[in-house]
Number of protein chains: 2
Amino acid sequence: MSRKASPVRKQSLHALPTEQAQARRFGKARSARSTAILEDYVELIADLIESTGEARATDIARRLGVSHPTAINTIARLKREGLATARPYRGIFLTEKGDVLARRVRARHRLVLEVLLALGVPHEAAEADAEGIEHHVSEATLKAFSEFLRGSRVKKAS
Amino acid sequence: MSRKASPVRKQSLHALPTEQAQARRFGKARSARSTAILEDYVELIADLIESTGEARATDIARRLGVSHPTAINTIARLKREGLATARPYRGIFLTEKGDVLARRVRARHRLVLEVLLALGVPHEAAEADAEGIEHHVSEATLKAFSEFLRGSRVKKAS
DNA sequence: CTTCAATTGTAGCCAAAGCTACATGTTAGT
DNA sequence: ACTAACATGTAGCTTTGGCTACAATTGAAG
Ligand SMILES: [Mn+2]
Ligand SMILES: [Mn+2]
Ligand SMILES: [Mn+2]
Ligand SMILES: [Mn+2]
């Protein structure tokens, strides 16, 4: 490739996409990867507040399985990005923006999990995989997922 | 939470998993994230070699949408991890280990893509989302996916 | 055989995520 | 009121994955 004028151009069964298309796709995956952690944090903070009344930095660290300085660093990033605030020794709080994001992320998480379960993925694998997959699901895919679930719920009820 | 003996422990509709379970899940997602880029590179290198005869660093960079030093850096990591070798001005080559990984990754990529399409996700969204999702799909999920596809192929043939 | 464009490499920067080790602050219980 | 356990914060390090700018090498075409 490159300078060499492509010689025979043997076509394989799975042809490559154009450079531009492929770069666009990889770029989307990269940007999803870079927001994945923020999403996990706001979702977890919302969950903790809802189920225990507060979200403390150490609890967040333990649930994520990271050291507490790591959690504190990331929480600082949340603050910088206007997603959260903190009152020391009193826990972490979501801003309006953070709360909106948390709701979206939570809805997506549940939907992905339900689809995996509906496809017959065993419970624990579904839970674990959903934690990663959720960050890479576009609106279009979300819509397809919820329509698929509507369908399979109808089928189950018959 | 934390020191405070949990008072009423009001149960919500979606109870939290245990700390250990949740930490295990997040840990898996983190480790998948850290290998995602390696996987994309070996897959792309295999694709380029198969369809054009060689995989040059600049072509890889263009297709990924990153600068060429970034690609070269990551290729250095591939070499360090024993996945690839390079002959300057002659392209990148996969080691046996790299080739094994590339095959697995490619199979997974196709399967994820097919499942998304079967669920009714529009083509371009499916292609883009698959690029991210593929790195977070466990063996168990893969198995469920291929069984689901077998089912839907049968249904289509009826 | 020369040249010049393309490829490859190097240097040096940045931010994000992770870590350990240590320091400081709070508060629950006695 | 004290104090010890726990929460929080700080310092300083690493690796990864980005970038730009510049340098060096190669080889295709004239
Ligand atoms: Mn997640
Ligand atoms: Mn989640
Ligand atoms: Mn990918
Ligand atoms: Mn892929």
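Model, not experiment: these values are computed from the prediction. Per chain, numbering begins at 1; letters A, B, ... match sequence-line order.
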For the side chain of B/T58, counting heavy atoms from C-beta on, which of D/dA7, C/dT7, D/dT10 is nearest?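 Comparing D/dA7, C/dT7, D/dT10 against the side chain of B/T58, the answer is C/dT7.
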Are [X] and [N] close enough that a side-chain N or O sits under 4.0 Å from OP1 or OP2?
{"X": "A/R80", "N": "C/dA16", "result": "yes"}
{"X": "B/S67", "N": "D/dC19", "result": "yes"}
{"X": "B/T74", "N": "D/dT16", "result": "no"}
{"X": "B/R56", "N": "C/dT8", "result": "yes"}
{"X": "B/T70", "N": "D/dG17", "result": "no"}

Gap between atoms [atom1] and [atom2], on [X] and [N] respectively (whole Å):
{"X": "B/L48", "N": "C/dT7", "atom1": "CG", "atom2": "P", "answer": "13 Å"}
{"X": "B/R77", "N": "D/dG17", "atom1": "CZ", "atom2": "C1'", "answer": "9 Å"}
{"X": "B/F26", "N": "C/dG18", "atom1": "CZ", "atom2": "C1'", "answer": "16 Å"}
{"X": "A/I75", "N": "D/dT8", "atom1": "CD1", "atom2": "C1'", "answer": "10 Å"}
{"X": "B/I72", "N": "C/dA6", "atom1": "CD1", "atom2": "C1'", "answer": "13 Å"}
{"X": "B/R90", "N": "D/dA28", "atom1": "CZ", "atom2": "P", "answer": "9 Å"}
{"X": "A/I60", "N": "D/dC6", "atom1": "CD1", "atom2": "C1'", "answer": "16 Å"}
{"X": "A/D59", "N": "D/dA7", "atom1": "CG", "atom2": "P", "answer": "7 Å"}

Closer than 4.0 angstrom, basic N to acidic O: yes or no for [X] and [Y]?
{"X": "B/E19", "Y": "A/R62", "value": "yes"}
{"X": "B/E50", "Y": "B/R106", "value": "yes"}
{"X": "B/K79", "Y": "B/E81", "value": "no"}
{"X": "B/E39", "Y": "B/R104", "value": "no"}
{"X": "A/R63", "Y": "A/D59", "value": "no"}
{"X": "B/E131", "Y": "A/R25", "value": "no"}

Does the side chain of A/H135 reach to within under 4.5 Å of the side chain of A/D40, using non-hydrogen atoms?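 When only atoms from C-beta onward are counted, A/D40 and A/H135 do touch, with a gap below 4.5 Å.
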Any base atoms under 4.0 Å from B/R87, or only sugar-phosphate, or nothing? Heavy atoms, all strands.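 Result for B/R87 = nothing.
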Does the structure show B/H68 stacking with C/dT7, if we require the centres to be closer than 5.5 Å and the planes to be within less than 30 degrees of parallel?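 Answer is no, no stack.
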Distance-only donor-acceptor test (3.5 Å): side chain A/Y89, base C/dT27: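 Looking at the base of C/dT27, it does not pair with any donor or acceptor on the side chain of A/Y89 (distance under 3.5 Å).
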Residue closer to the 5' end of DNA chain D, A/R30 versus A/P88 (nearest nucleotide):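 This one resolves to A/P88.
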Could you say whether A/N73 or B/A86 is positioned toward the 5' end of DNA chain C, judged by the nucleotide with the nearest heavy atom to each?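 Mapping each residue to its closest nucleotide by heavy atoms, the 5'-most match is B/A86.
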Separation of A/L83 CG from A/F93 CZ (nearest 0.5 Å):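 Here the interatomic distance stands at 15.5 Å.
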By a strict heavy-atom criterion of less than 4.0 Å, which residues belonging to residues 33-47 of chain A are in contact with DNA chain C?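 Residues of residues 33-47 of chain A under 4.0 Å from DNA chain C: A/S34, A/I37.
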